[in-house]
Amino acid sequence: RAALAGGNQVWTITRGQRELPAGVEPLIADRNDTAAMEEVISGQNITWDLIVDCICYDLPQMQQDIILFRERARQFVFVSTDFVYDPAQRKFPQPEETEFYVADGGGSYSYGYKKRLCEEELIQSDTGSMQWSIVRPCHIYGPTSLLGCLPMHGRDPDLIKKLRAGEALKLVGGGHFLQQPILADDLGKLIIGMAGNQQAFGKIFNTAGPDIIESWQYYQMIAEVLGVKLKVEEVPVAPYLAANPGHGPFMCHRIYDLQTLKDCGLEVPSTPIEKGLRMHVEGLVARE
């Protein structure tokens with residue numbers, strides 16, 4: 001949507017299972033089918049100005065990207081994650097530069113670990129004439145994704161129904177972990193703003209929203225939009241982590257230094273969390 005709004009010609013590569021915005025050129029392939037991806041991409045005979053990969057989750061997928069696009073794209077943006085940071089060694093706010101990256105430990109640790117492997121592959125590989133940038137978003141929200149930023153109600157498909165029914169939400173640590181959620185539309189505008197920006201080449205960017213909130217406040221804002229009262233049942237952190245060790249990356253404060261974005265003249269995310277969550281909830285309710 002951000003690319004189209006800027007008057008750009010836009011292609012998407014998907015499996016063709018979702019409706020696309022009007023004006024998009026659809027390319028249909030399953031990225032796990034290497035031959036199909038090569039056939040679809042090579043068949044376009046195009047040099048793209050910008051490639052954005054939002055679904056690269058493992059090293060072979062990044063290797064695929066580099067092979068497919070290093071001679072077919074001027075610029076490449078990899079959507080990584082804030083889970084690359086070791087949750088036990090974070091700074092407040094967290095800068096992009098760190099010695100402490102997450103190790104593989106199952107669950108969300110593995111997600112962050114694999115994303116970091118992808119980052120390293122992109123940084124260290126011969127990308128030909130293709131310039132690259134990496135963004136590390138925290139919790140991304142906005143229609144039409146599922147709501148929920150914290151176990152045990154992360155991306156909870158029944159969250160609205162539970163709130164309307166007056167159920168107490170079980171929040172680890174009472175939901176007191178700090179977060180800095182980013183609206184998907186803000187992230188989209190930021191990434192499109194990187195196109196042709198030489199200051200963004202070869203750099204990694206924290207990407208987070210303008211507001212730092214406790215996780216329970218996220219759910220409180222949703223409840224207010226629905227016109228219901230939020231009820232919270234606190235789940236103690238230590239026993240929860242003992243039973244769910246892979247959820248460690250959620251059990252920390254997730255706040256970020258955005259100075260690198262500012263220094264490169266990129267559009268710093270600005271939608272207030274209260275406004276963005278209202279858009280998100282109302283968008284989901286409208287689809288009921």
Side-chain angles (χ1 to χ4, degrees), residues 1 17-19 21 54-55 79 81-83 87 107-109 111-112 137-189 207-256 269-288:
R1 292 194 300 272
Q17 297 180 356
R18 297 184 183 183
E19 185 178 354
C54 306
I55 59 167
V79 180
T81 174
D82 67 325
F83 277 11
S108 297
Y109 286 99
Y111 170 67
C138 50
H139 175 75
I140 303 172
Y141 71 98
T144 54
S145 64
L146 295 174
L147 287 160
C149 66
L150 185 72
M152 302 157 57
H153 298 283
R155 307 296 184 190
D156 185 347
D158 297 319
L159 182 62
I160 289 177
K161 182 170 67 175
K162 290 172 182 175
L163 287 168
R164 284 173 170 165
E167 293 184 26
L169 301 187
K170 297 180 179 180
L171 301 184
V172 183
H176 291 295
F177 294 106
L178 295 173
Q179 297 210 34
Q180 202 169 347
I182 182 170
L183 181 66
D185 285 348
D186 279 0
L187 180 58
K189 291 176 184 177
T207 50
D211 298 316
I212 297 170
I213 60 170
E214 292 185 65
S215 299
W216 71 267
Q217 292 177 289
Y218 171 101
Y219 295 98
Q220 174 65 42
M221 292 175 191
I222 296 170
E224 288 176 354
V225 175
L226 295 172
V228 300
K229 183 177 180 180
L230 175 66
K231 299 177 182 177
V232 172
E233 177 184 337
E234 181 171 356
V235 177
V237 175
Y240 180 84
L241 275 178
N244 302 274
H247 287 177
F250 288 101
M251 306 296 106
C252 62
H253 297 312
R254 299 164 65 188
I255 56 178
Y256 300 97
S270 60
T271 303
I273 181 68
E274 191 168 2
K275 177 181 178 181
L277 272 179
R278 176 171 291 277
M279 292 166 51
H280 191 165
V281 176
E282 290 179 345
L284 292 178
V285 169
R287 293 166 61 90
E288 291 180 338

Side-chain heavy atoms of Val225 within contact of Leu277, under 4.5 Å: no

Let me confirm one number: the OG-NE2 distance from Ser215 to His139, rounded to the nearest 0.5 Å. 9.5 Å

Arg164/Glu288 salt bridge by N-O under 4.0 Å criterion: yes

Evaluate the side chain to side chain contact (heavy atoms under 4.5 Å, CB included) criterion for residues Leu159 and Leu146: first the C-alpha distance (whole Å), next the side-chain angles of each, then the deciding distance (0.1 Å), finally the verdict. CA-CA 9 Å; Leu159 182 62; Leu146 295 174; over 6 Å; no

Spacing of Gln220 atom CD and Ile213 atom CD1 [to the nearest 0.5 Å]: 11.0 Å

Does the side chain of Ile273 come within less than 4.5 Å of Leu183's, by heavy atoms? no

Between the CD atom in Gln179 and the CZ atom in Arg254, the distance rounded to the nearest 0.5 Å is 5.0 Å

Could you tell me whether the side chain of Asp156 and the main chain of Leu147 form a donor-acceptor pair under 3.5 Å? no

Kindly say whether Leu178 contributes a backbone atom to a donor-acceptor pair with the side chain of His253 at under 3.5 angstrom? yes

Glu274, CD: over 12 other non-hydrogen atoms inside 6.0 angstrom: no

To the nearest 0.5 Å, how far apart are CG in Leu171 and NE2 in His176? 9.0 Å

Using a 4.5 Å cut-off on heavy atoms from C-beta on, say whether the side chain of Lys231 contacts that of Glu167. no

Does anything in residues 209-227 form a salt bridge (charged side-chain N to carboxylate O under 4.0 Å, His left out)? List the pairs, not counting sequence neighbours. none

Answer yes or no: does atom NZ of Lys162 have more than 12 heavy-atom neighbours from other residues, nucleotides or ligands under 6.0 Å? yes

Leu169 and its side-chain contact (heavy atoms from CB on, under 4.5 Å) partner, picked from Val235, Leu230, Leu150: Leu230

Taking only residues at least two apart or on different chains, which pairs with a member in residues 137-154 satisfy salt bridge (charged side-chain N to carboxylate O under 4.0 Å, His left out)? none

In this structure, are over 12 heavy atoms from other groups packed under 6.0 Å from Arg155 atom CZ? yes

So CG of Leu284 and CG of Leu226: to nearest 0.5 Å the spacing works out to 9.5 Å

Which residue in the set Tyr240, Phe83, Phe177 passes ring pair (Phe, Tyr, Trp, His ring centres under 6.0 Å) when paired with Phe250? Phe83

Would a 4.5 Å heavy-atom cut-off, applied to side chains only, mark Met251 and Val172 as touching? yes

Okay, side chain of Tyr219, backbone of Val232: is any donor-acceptor separation there less than 3.5 Å? no

Donor-acceptor contact below 3.5 Å, side chain Gln180 vs main chain Ala208: no

Distance col, row Leu187:CG vs Thr271:OG1, nearest 0.5 angstrom, shows 11.5 Å

What do you reckon, are the aromatic ring centroids of Tyr109 and His247 less than 6.0 Å apart? no

Using side-chain contact (heavy atoms from CB on, under 4.5 Å) as the criterion, point out the one residue from Val79, Ile182, Asp82 that pairs with Thr207. Ile182

